[in-house]
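To keep things clear, I will list the structure first and then write my remarks on it.
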Amino acid sequence: MRRSVLIGVVALCFSSAAHAAVLAHPGKPVTSGPRTFAGLQAYPRTLVELDHVRGNAAVPALRRAGGRLIEPSLALWRLPSWTAQRLLPVLQRRGLVRSVTPDVPIGIDPRGASGFFGQFTDPLSPQEWWPSHIGVSEWIAPGPGVPVTMIDSGVDLLHEEFAGRPNTIPLNTQTFDANQDEFHGTATASVVGAPVNGKGIVGIYPQAKLQLWDASPTGQLTVGDEIAGLAAARRQGRGVINLSLGGFDRLPIEEHAILNAFGAGLLVVASSGNDREEGSSPSFPAGFAHVLTIGATDEADRVTIFSSASAAMDLAAPGQDIEAAIPTLWDPAGYDPVDGTSFSAPLVSGAAAAVWTLRPTLSNTQLFEVMRRSARDVGKAGWDQDTGYGILNVPAALTRKPPAVDPQEPNEDIYLVKPNGLTRDGKAPLTAQHRPRATISAQLERREDSEDVYRVYLPAKGKVVVTVRPSANVSLELWGKKTTTVFEQGSAAKRDLLGVSAHAGARFERITLKGRGSAQFVYADVFLPKTAVRASYSLSVAPAAR
């Protein structure tokens, strides 16, 4: 029996009040009134993000209300919505809450769409057409190294591909329900790590250290369980996270959790979605910055009829007629061909972990660029919204020269770098009272990283000179300590914008800023103008000569 599987795109209906309760950036006060929380009753559970400084005062009340801390570094709690509706207005008035989000369903949506690193000697290996298309037919795997964390539905650990498999690490209890179409986690995990064991299939990285997080312990994936999985993966250290899931709503707390994982040095890979025939609506987490977004191709190296086009597309991988393991409770045969970008993403995740294992000195920002810029171009020349930079090309990824490390990512706005923004500590300032000089090198790229923001020390007296020397056209702005976002306009920008340098071309940009009577940290913002695509630069901070 042929199985067609697509990642889910769940259309979620919020009332306007429910929208008002979701904050775009942490650190801003919740301004909605008690009626804001009425829309939470449509969801069994609610996610509550506390203020990093004041929020501890809310912890006893959250515990009494049945709350559970699911992501300590984001001070993120989950509690029953009926108690949240009663409790949140009080916490809001006390200034303890940073954001509130319904624990909305996300999905894998089986709607009925239409050795690499091993020797491919297992019985169903001849049905695996994809190895030659990504250049891995003759490769032998590295041993277990950089882990791959699968955040998905539960995996059938009694399946012959996983029973007794070394380096298979459940990060929580694995559950799956034959009545809930929960074969997805077993299938995606097998595409990554099915071993060379004389049975069934071989995954792209058969010796991978495979970490499993069941994000549907009650039979339904939710954003809260996804975020808990991101936190579990982050606690394990450097690794690759596979997200073969998604929805149509852009949820700030989901974005914050992913940026937090990327900032901790992990690589996040996500399926682009399977909504092509319905118009390719933007899907998340694939649409977030710093997520390696993956489309699907067929045996002719063409984009499949279901693979969503995306402005965030990075590269593609085979995703049609992919032989995969299926829980035997669901299908006694234990294997079936499946379709979907859900299965393209694991090929990239497994390949990225293997490349990182063989190239351990790469940072996650370097690996991100290596994987997409080494892709084999297909279709329209250059980048396109169907396949990004092209089809996964593992041999090229193993040899491509990496760019320089891109420091302090993610740092596209104020809240990502200031203390009590995304994280309690924020990013380290480039300069300080006893360290007045600094130089840093970084890169900008239109689709994933068009803005870099840094904290800079401004003494009470004297002047500071900030200089940017770019390889292509960039602009420089300096913003005051009260700035909430570098995208301020109107009266807020008039108050907070301290200086601008925006020459045409690759000329250096320079701003001299005078002390303002009290020592403070200000923000240097280096960004690409609208017509620019990519640039590298060095930024230096120094006291002005007297």
Side-chain angles (χ1 to χ4, degrees), residues 25 27-28 263 404-444 449-530 532 535-546:
H25 303 303
K28 299 181 183 179
V405 174
D406 199 10
Q408 295 213 357
E409 295 293 346
N411 62 341
E412 286 75 42
D413 206 351
I414 302 291
Y415 82 101
L416 292 170
V417 301
K418 75 173 186 177
N420 198 25
L422 178 69
T423 60
R424 177 184 290 273
D425 297 330
K427 303 290 186 182
L430 298 186
T431 53
Q433 180 179 1
H434 302 296
R435 183 167 42 85
R437 297 176 182 272
T439 299
I440 194 168
S441 297
Q443 298 87 44
L444 295 170
D449 181 24
S450 62
E451 202 114 8
D452 284 342
V453 178
Y454 305 96
R455 296 169 64 206
V456 173
Y457 180 75
L458 179 66
K461 299 179 179 181
K463 298 179 179 179
V464 167
V465 179
V466 180
T467 304
V468 174
R469 292 180 171 82
S471 65
N473 191 18
V474 305
S475 297
L476 170 67
E477 295 177 345
L478 293 184
W479 292 85
K481 66 178 182 179
K482 294 183 179 180
T483 308
T484 58
T485 172
V486 294
F487 303 103
E488 286 180 348
Q489 297 180 352
S491 59
K494 185 176 180 180
R495 179 195 66 207
D496 294 327
L497 184 58
L498 306 179
V500 178
S501 180
H503 297 113
R507 295 178 58 187
F508 73 85
E509 310 290 351
R510 178 172 292 164
I511 300 174
T512 300
L513 189 62
K514 185 178 179 180
R516 310 179 82 77
S518 62
Q520 58 190 274
F521 287 101
V522 297
Y523 300 96
D525 177 21
V526 185
F527 61 95
L528 292 172
K530 290 184 178 180
S536 59
Y537 66 89
S538 67
L539 180 148
S540 62
V541 182
R546 299 196 178 192

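Quick note: numbers below take in every heavy atom, side chains included, and nothing from hydrogens, waters or symmetry partners.
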- prompt: Is any side-chain heavy atom of Lys427 less than 4.5 Å from a side-chain heavy atom of Val453?
  reply: no

- prompt: Does any N or O in the side chain of Glu477 come within less than 3.5 Å of the main-chain N or O of Ala502, such that one atom is a donor and the other an acceptor?
  reply: no

field: Close side-chain approach of Arg455 to Leu430, heavy-atom, < 4.5 Å
entry: no

- request: Indicate whether the side chain of Arg510 and that of Thr467 have a donor and an acceptor atom separated by less than 3.5 Å.
  value: yes

task: Of all the heavy-atom pairs spanning Gln443 and Asp406, show the shortest one and how long it is.
output: N-OD1, 3.1 Å

query: How far apart are the closest heavy atoms of Val486 and Glu412, and which atoms are they?
result: CG2-O, 4.1 Å

query: With no hydrogens and no angle check, do the side chains of Ser536 and Ser471 hold a donor and an acceptor under 3.5 Å apart?
result: yes

Leu476 side chain reached by Val500 side chain, heavy atoms, under 4.5 Å: no

- request: Could you tell me which non-hydrogen atom of Lys514 sits nearest to which non-hydrogen atom of Arg516, and how far apart they are?
  value: O-CG, 3.4 Å

message: Quick check: do Asp413 and Phe487 have side-chain heavy atoms less than 4.5 Å from each other?
response: yes

- prompt: Say you draw a straight line from CG of Asp425 to CG of Asn420; how long is it, rounded to the nearest 0.5 Å?
  reply: 10.0 Å

- prompt: Between the side chain of Gln520 and the main-chain N/O of Ser518, is any donor-acceptor distance below 3.5 Å?
  reply: yes

task: Calculate, to the nearest 0.5 Å, the distance between atoms CG and OH belonging to Leu528 and Tyr537 respectively.
output: 9.5 Å

statement: Per side-chain contact (heavy atoms from CB on, under 4.5 Å), Leu478 is matched among Ile511, Asp525, Leu497, Leu458 by Ile511

- line: Heavy-atom closest pair (Ala524 atom, Val466 atom, distance to 0.1 Å) is CB-CG1, 4.5 Å

query: What distance do Leu416 atom CG and Glu451 atom CD have between them, rounded to the nearest 0.5 Å?
result: 11.0 Å

query: What's the spacing between Arg495 CZ and Thr483 OG1 if we round to 0.5 Å?
result: 7.0 Å

field: 4.5 Å side-chain heavy-atom contact, Leu444 and Ser450
entry: no

- prompt: Can you check whether Leu513 reaches Lys463 side chain to side chain, under 4.5 Å on heavy atoms?
  reply: no

message: Quick check for you: to the nearest 0.5 Å, what is the distance between Tyr523 atom OH and Thr485 atom OG1?
response: 11.5 Å

- prompt: If we only count heavy atoms from C-beta on, is the Val468 to Val474 side-chain gap below 4.5 Å?
  reply: yes

task: State, yes or no, whether a side-chain contact exists between Leu539 and Val526 at a heavy-atom distance under 4.5 Å.
output: yes

task: Locate the shortest heavy-atom distance separating Ala535 from Ala472; write the atom from each residue and the value.
output: CB-CB, 3.9 Å

field: Summary of ring pair (Phe, Tyr, Trp, His ring centres under 6.0 Å) pairs that have at least one residue in residues 451-486, sequence neighbours excluded
entry: Tyr457-Phe521

- request: Applying side chain to side chain donor-acceptor pair (under 3.5 Å), name anything that partners Ser501, two or more places apart in sequence or on another chain.
  value: Glu509

message: Working note: Thr512 + Val464, criterion side-chain contact (heavy atoms from CB on, under 4.5 Å); need CA distance, chi angles, decisive distance, verdict.
response: CA-CA 6 Å; Thr512 300; Val464 167; over 6 Å; no

- line: Looking only at heavy atoms, the pair that brings Arg469 and Ser540 closest together is NH1-OG, 4.0 Å

- prompt: Would Phe527 and Asp452 count as a side-chain contact (heavy atoms from CB on, under 4.5 Å) if you check the C-alpha gap in whole Å, the side-chain angles of each, and the deciding distance to 0.1 Å?
  reply: CA-CA 6 Å; Phe527 61 95; Asp452 284 342; over 6 Å; no

field: Derivation of the side-chain contact (heavy atoms from CB on, under 4.5 Å) call for Thr484 and Ile414
entry: CA-CA 6 Å; Thr484 58; Ile414 302 291; over 6 Å; no

- request: For side-chain contact (heavy atoms from CB on, under 4.5 Å), just list the numbers for Arg437 and Val541, CA-CA rounded to whole Å, side-chain angles, deciding distance to a tenth of an Å, and then say yes or no.
  value: CA-CA 5 Å; Arg437 297 176 182 272; Val541 182; over 6 Å; no

